Every structure is written in structure tokens, then in C-alpha cells.
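In the text below, chain A, chain B and the rest are named by the order of the sequence lines, each starting its count at 1. All values reported here derive from a predicted model rather than from experimental measurement.
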Amino acid sequence: MDRRRQRSSGCGWGRRNSLESRLGFAPYTDGERRLGWLLSFSSSSWEDEDTGKIYSCVDLYFVSQDGSTFKVKYKFRPYFYAATKDKMELEVEAYLRRRYEGEISDVEIIEKEDLDLKNHLSGLKRKYLKLQFDTVQQLMRVKNDLLHVVEKNEEERDAAEAFETIHGVKRTERTQDYINCIIDLREYDVPYHVRFAIDNDVRSGLWYDVSVSGSDVLIQRREDLLQRAEVHVCAFDIETTKLPLKFPDAEYDSVMMISYMIDGQGYLIINRECVGEDIEDLEYTPKPEFEGYFRVKNVPTELDLLKAWFAHMQEVKPGIYVTYNGDFFDWPFLEKRAAHHGIKMSEEIGFQCDNNQGECRAKFSCHLDCFAWVKRDSYLPQGSQGLKAVTKAKLGYNPLEVNPEDMVRFAMEQPQAFKARIICPNKHQADLEKFYNNRLLESETYIGGHVECLETGVFRSDLPTKFQLDPSAYEQLIGNLDRDLQYAIAVEGKLDVDSVINYDEVKDAIKEKLVSLRDNPIREERPLIYHLDVAAMYPNIILTNRLQPPSIVTDVDCTACDFNRPGKNCLRKLEWVWRGETYMAKKKYILQIIDYYHIKRQIESELIQSGGTTSSKPFLDLSKPEHLLKLKDRLKKYCQKAHKRVVDKPITEVREAGICMRENSFYVDTVRSFRDRRYEYKGLNKTWKGKLAEAKASGNSIKIQEAQDMVVLYDSLQLAHKCILNSFYGYVMRKGARWYSMEMAGVVTYTGAKIIQNARLLVEKIGRPLELDTDGIWCVLPGSFPENFTFKTK
DNA sequence: ATTGTTACCTAC
DNA sequence: AGAGGTAGGTAACAAT
């Protein structure tokens, strides 16, 4: 809800403020403490009336308990960090203050835990300069300037190092300028409003006590209030005209009708230019729980329709707008049609389409495009993401749909790390010029999930199936029976083993079946079809092995560490499988002329055409990533010609990763808390399912509705946590991840592959595995395998 | 006729 | 600017 970036303020100021006031967000500048539910926030600016100076701030949009709304401007200085050469902090600070006089408002020297620092486990901290600014624009200017400086300094250090390697002596250093002492920038790319939210621990959708005195704003979280504020929610959908077999085009098509529902009351505005006659109020109640009474308004033209809708929105002031694919269709269409009639939608209701982002947003109101949710979190297959299929799957009714071709005729859309005081690494950048066996790597990755198809055919629980069982495996099951039953009771059932009164009875019944299977291993009978799966496999692998990107260490890290002593047990070595594909061309040929470097030198002397055919510029003027892109293009052509093939067959290689067991565990701690919270939500979901059953039995419709809502809420929360939980694994290989590690991802999947293959070894002996995929096995077990038993307790 | 590449979609 | 990952199937098409 708060995903928006800085918007340059400037000219639209007064107009926007009056619009905000008109839509209920009058600034709250003084007076009694207020209670507010934070609807949204975005970056903004304010002007000091005495000095005329502009400062960046965050506008916070609140909803009161009575439904009224207000806004406060929270002053917060944007900042980022800079690292200097050792012990040069003070000099560099003074230098920066001079160099950026009037741009930097303040510099502080602070200590942060830097996991990249060698031997940081000994307690070593790194000093950073915290550069603070009055405005985001100033931050951006200084950041861009310093990024170039850091890049240049790095190149010079590399060159000096190379000189030392070749000549064996240090190059006589030029007199050091303080500017050369700046070696790294950190956290400069954290968006301003995100920085504000992290640092002040503020989130949308929570209640706060808000007090304003003078220019200070104090906001305090009210953890006792859980229910959300009464925000008006407007769900809307437009119908438009269209040409036969064409998609509606806002250039010439028009809005035929707009239907919307505000807090359960339906409305429909009809454009009589397209609809043959006046439409009367109507009811659309597809299911009793989705009651819909629609008030219909018939207006003569499209302009009247738009005016009527905007006026209604200004009156109701919805805090949340809901659409299905509105980012792509409804909002842009409305905006264009309004513009066609000389109306700016942004000035009416604050919403503006950002074609770059493909999103439509307002500063003080949220837009939920349900299609985005359906695409990512609905678990519906791609072919069932249309509104009709989604309605059926998620809401449980079949909407009546009019063929679009008929429509017009018929009538005419973690902050844990911050608390750990750890300096964030910069975003990972792929090394584009990496070699393997003297060949340029086209791509490299790791072996992921393990899949095996073991049997084909039709397996049904009513088709007799042949089994050749392994008696020793059944003997093993019999031997472990006590252990396994006690685990089921104590760990899984959370019950006291002594409280079970029929333990021996159950045990004997199971044993009898197992013995019979052991003694008659070759048999034909109806099967039990099972999908056995490892619960939350990847997160649990991460947890049991304390896997996290900063824990992946090499000998170099260990050598520098104080804990590196003989007999140490803080290093765990785990295997993974690397896979890479290289271009066919060799880095260097000893006897032949054409090779990678040859092509590189060749292309470096050329002019590259850019944009049109007329303009061209020297290759060396392009950026580094562009260089490699062009170079790879050329290499492809060369390989195709010379080797009849661009890339060689993939190469795999078992590698070993060192995992430090002492590293600050902030990442695995976060995974654990997400896993445990998911268990909590799963438990609450189960509890409420029980309450729902009770309510249904009692027939109390209010209690049924309440329980139904809570079941949906906790199921949504557990599913959301599942999605996030899996992302802790996926994140480490994501482009631009701050905590990136191919080794870690590889270790996770390889460890998982071993687990599932081990499980298969057992299944092969007690039944027949059919298919194996990553964390689960489809199998058939003999029908006489002991299946359901009930322990009775005191 | 065979092989390689890309697009698309699903399972996990 | 921001974008979870790999495994593996089919279809269509281009290149050899």
C-alpha cells in the first residue's frame, strides 16, 4: 500500500494541498493528541516559513475511529552511509562538509556491525560516516557524485594492486587526496519513505497516537487496538464500448457504464449515449453472503457519467479502491476519457496512472488491483486467472457473463536486520566476465530440486497391484514401532504418553499387520495411494544447518578469524552441485590467433551504432554492461561460425561450501520466526474451524459469519507466510539481492535432494514409489498396510 | 532428419 | 526501478 516513490513536488503544491483538504486530509498541525489508523504514507516536502528553505518529509495519512481523516507531516532527514579508509573518518568528514557545503546538512560517525569485515566475530565494528541531508534531491546529487568517486577509487586500487603483483613493489603513491579515501557507499538506494518506516518502525494498517507540538510530530504505536479502522472501500468496474473483434481503445471508445460498490452498497451509473433506455435500480445477489442492491443513475452523456462518479468519490472519500486489472484497463481508460473531456482525473480524486510502473496511484488513497494478487498468491493456474474463473474458485459462484462481442449491441481490475544494527550489504551485481577452464561463462547456476519418474501407467485404489516387499524393511518398522508411536503421541499430538489408555492394543494391531506383510512379501492387492511429503523442507534445511548468505565462508575468512583454532567445530562443510555453460571460444589460444581477447580488442576499436543508423559512437564510450552485451553478441556470432555451436554442453561439478556456525544469526532467526508464526496461524485457523462448526451447529448467523471471517483471515495469513518462507530460499539467488549466495541456494537444494532420495530407499522396500519431486513422493502401499488408529486418553 | 533455441506453462 | 529459485514438459521453428 505504501509502495510509492518520491515525486518531485514544486509546482503542484497549493493545488494538491487543497485537493487533499477537499478529500478529507486536512493537515493536523496543532491541538490535542489524536488517535489514527495509518492508511498510507508517502514522501513529500515542507517549507520553513521563516527561511523559505525546503525540507523533505513524509506525509502520513490517518483515519480516525469516527471515520474522519487527517494528515501530518513527519520531518525526517534522508541519509546514507560512506566508508573510508581506516582511521581517515575525521579527515574525510571535514573534507565532505567542505566539498558539499550547502548540500550536506550534517555528518555523524557511527559504528555498525559489518559482516563483510574480516574477523568481525571478534567484536570488531566498522565506522561509517552517516551523511544527512535536508532533501532527497540533495541526497541524490551527492550520492551520484560520490558513486563515481568510489568507482574511480576502486579502479585505481585495482591498478595499483596489479602493478604490485607484476613488479613486486608498491607503486609510489601520489599524494593522497581525502577524496581517494572514500571506499564504499551503503544503503544509499533505500527509498526515503522506506527508510522512514524502517527507522521509526512505522507501518500502514496500524493504530497510532499522534501528537503535534510546534514542528515536532510524535507517533506512538497502539498495540492494544487490532481491528482496522472504518475505511471506506470502493470496488469498481467499467464497461466500455468497443469495435467488433477489437480491444476497447480510449482514443475513440467511451465509458458505457460504471458499477461500483461502497461498503456493501452498490451503484451503477449508465451513460445513455450507449444504453438504449433508462435502467431501474436492481439487485445482484449471487450468494446470500454477497448481497448486492444497486442504485442506478441514468445520465445523458459520458461526461455526465464521469462527473457524477468523481463527485460521488469526493463525497465518500474512499481510502481503498479495488479493481480487477484496473492498473492496466479501468484506471487508464477513465483517465484518458476524462482528459478527452478536459478533466484531469488526478485533480478530481488524486489518482494518476504511472505508465512506467503500470500502476495507478494516489498519495492518500490505496488501490488494490486484485489481479496482482491472483497472479502471485491465488495458487490458480495461469489459464484460470480470468475474472470468471477466479470468481468461481474464490467466491464460489458462477457469474453470468456476456460475450464481449455482444456487449455493445445488447446495451448499445523486515526490518530485523536493522534492529540487529547490521550495515546492509549493497545489492549483488552479477560478475559478467567470469571464466571457467579458460572459457567465458555464458551462465552459471546450481542444481535445484530433484525429480524422478519411476513408474508410468494408471494407478487407482481399486485396481489390484503387485508388490514385492522387502521383509527387512518391515522388520525395521516393527523394531522402531515404540519409538515412532511415542513420537506421534508426545511430539505430534502434544500428549503425555502415560495418558493413553489403549497403547498396547493399538501397538499390537499395527504390529500384527506389519508382521503379516513381513512374512508374505510377494502379494497382489488393492493399493493405498499416498503422497508423502517433507514439511517445509527448504526452510527446515536452512534452520538445521544455520544457512544464511553471510555464513558462507572460505579459508580466507577463517584464517582471519580469532576463533580459527585447531580442532574448531564452528565450520560445517556441505556439498552442492555447480552447473555452468561456457562459450566455445577459448580465452587464449596459444597457437591460433582468434580468441576471446582478440575479439575483445577488435570490438574495442570499433564504432557502435546507437539509436538511429546515423549516429554512432566509439565502443569505449559505452557503459561496462553494454560492453559485455556487445562483446557477447560478437562472441556468439564467432562461435556459431567457427565452432558450429555457441555454448558448450553444460558442465556440472560437486563443490564444497564452508558454513560458519558462529555468524550473527539474523537471517536464520527471521526464517525461524516466520516458520513459527505460520504454525501459530495454522493453529488459529484450526481453532476457528472448530468454532465455525460449533457456530453452525448453534445456528447463530452472526457467530457463523465471525468464525467464517477468522477462518479466511488465518488461512490467508498462513498462506502468505508460506509464500514468504519459501522466498528466504529463493531470495539468495535473486537478481540484486543484498544477501546473495549461490552456494547457499545450492546447499539447500542438494541437501533436500539427498533427503528425498533417502526417503525413496525406504518407500522402495515397503511399497512402490511412482514419482518423486523435490520434497514429496507419490507411492502405492499395500492395502493391508496399517493406516488409521485412534489412541484413547484418560 | 536431427539438433538447438525460444516461448510458454506447470510442479515444487 | 525492480524483478523469489530450478526442473521439466510440449510446441513451434530455425539451423545444420
Side-chain angles (χ1 to χ4, degrees), chain A residues 3-7 140 143-144 188-194 354-359 361 372 375-385 414 426-430 442-453 456 531-542 547 549 576-581 584 625 636-637 639-650 652 667 670-671 674 720-753 755-756 759 770-778:
Chain A
R3 289 176 47 212
R4 51 181 62 110
R5 274 169 297 143
Q6 288 87 266
R7 192 179 297 169
M140 300 294 270
K143 175 202 86 176
N144 286 329
Y188 53 84
D189 48 7
V190 179
Y192 176 60
H193 67 285
V194 174
D354 178 342
N355 292 324
N356 249 341
Q357 287 280 111
E359 275 179 14
R361 294 183 302 251
K375 276 193 285 194
R376 219 198 71 163
D377 298 316
S378 71
Y379 283 61
L380 288 169
Q382 205 264 349
S384 306
Q385 295 181 348
Q414 278 85 59
N426 288 329
K427 293 177 182 175
H428 172 82
Q429 281 184 311
E442 195 269 340
S443 66
E444 62 169 345
T445 182
Y446 59 97
I447 299 295
H450 184 76
V451 183
E452 287 180 37
C453 171
T456 57
H531 181 259
L532 308 172
D533 67 61
V534 184
M537 186 170 77
Y538 286 174
N540 281 320
I541 290 170
I542 289 172
L547 296 174
W576 63 288
V577 185
W578 175 89
R579 190 181 70 207
E581 290 180 70
M584 294 299 287
K636 273 179 199 166
K637 279 183 194 146
C639 290
Q640 190 61 254
K641 243 191 210 157
H643 299 89
K644 308 285 178 219
R645 167 185 200 116
V646 178
V647 289
D648 206 348
K649 292 191 192 80
T652 58
Y667 197 92
T670 310
V671 175
F674 266 92
H721 277 68
K722 177 185 175 172
C723 195
I724 293 168
L725 202 49
N726 281 330
S727 302
F728 282 96
Y729 150 70
Y731 174 81
V732 303
M733 274 289 284
R734 192 193 108 194
K735 267 174 205 160
R738 286 177 196 272
W739 285 281
Y740 183 94
S741 173
M742 186 187 297
E743 290 88 345
M744 170 173 158
V747 164
V748 169
T749 56
Y750 191 65
T751 306
I755 290 172
I756 204 68
L770 305 178
E771 188 193 78
L772 180 154
D773 192 340
T774 311
D775 65 353
I777 301 174
W778 281 98

Where [X] and [Y] come nearest, the two heavy atoms and their spacing:
| X | Y | result |
| --- | --- | --- |
| A/Tyr740 | A/Arg734 | CD1-O, 3.6 Å |
| A/Pro549 | A/Val732 | CG-CG1, 3.5 Å |
| A/Arg738 | A/Val190 | NH2-CG2, 4.1 Å |

Could you state the [atom1]-[atom2] distance from [X] to [N], rounded to the nearest angstrom?
| X | N | atom1 | atom2 | result |
| --- | --- | --- | --- | --- |
| A/Tyr731 | C/dG4 | OH | P | 11 Å |
| A/Met744 | C/dG4 | CE | C1' | 12 Å |
| A/Asn426 | C/dG2 | CG | P | 14 Å |
| A/Lys722 | C/dG4 | NZ | P | 18 Å |
| A/Tyr740 | C/dG2 | OH | P | 19 Å |
| A/Ile447 | C/dG8 | CD1 | C1' | 13 Å |
| A/Tyr729 | C/dG4 | OH | C1' | 9 Å |
| A/Gln429 | C/dA3 | CD | C1' | 15 Å |

Does A/Arg734 make a side-chain N or O approach to OP1 or OP2 of C/dG2 shorter than 4.0 Å? no
Side-chain N or O of A/Lys427 less than 4.0 angstrom from OP1 or OP2 on C/dG2? yes
Partner of A/Ile756 under side-chain contact (heavy atoms from CB on, under 4.5 Å), picked from A/Val534, A/Asp773, A/Asp533, is A/Val534
Using a cut-off of 4.0 Å on non-hydrogen atoms, how would the nucleic acid contact of [X] be classed: base, sugar-phosphate, or nothing?
| X | answer |
| --- | --- |
| A/Gly448 | sugar-phosphate |
| A/Thr445 | sugar-phosphate |
| A/Gly449 | sugar-phosphate |
| A/Tyr538 | nothing |

Interatomic spacing from CH2 in A/Trp578 to CD1 in A/Ile447 - rounded to 0.5 Å: 10.5 Å
Taking atom OG1 of A/Thr751 and atom CD1 of A/Ile542, what is their separation to the nearest 0.5 Å? 10.5 Å
Contact boundaries on DNA chain B for chain A, cut-off under 4.0 Å to non-hydrogen atoms: B/dG4 to B/dC12
For A/Asp775 and for A/Val647, find the nucleotide of DNA chain B with the closest heavy atom, then tell me which residue's nucleotide is more 5'. A/Val647
Nucleotide paired to C/dT10 in any strand shown, Watson-Crick or G-U, under 3.5 Å: B/dA7
Would you mind pulling out the nucleotide paired to B/dT2, Watson-Crick or G-U wobble, both distances under 3.5 Å? C/dA15
Contact check, side chains of A/Tyr729 and A/Ile541, non-hydrogen atoms, under 4.5 Å: no
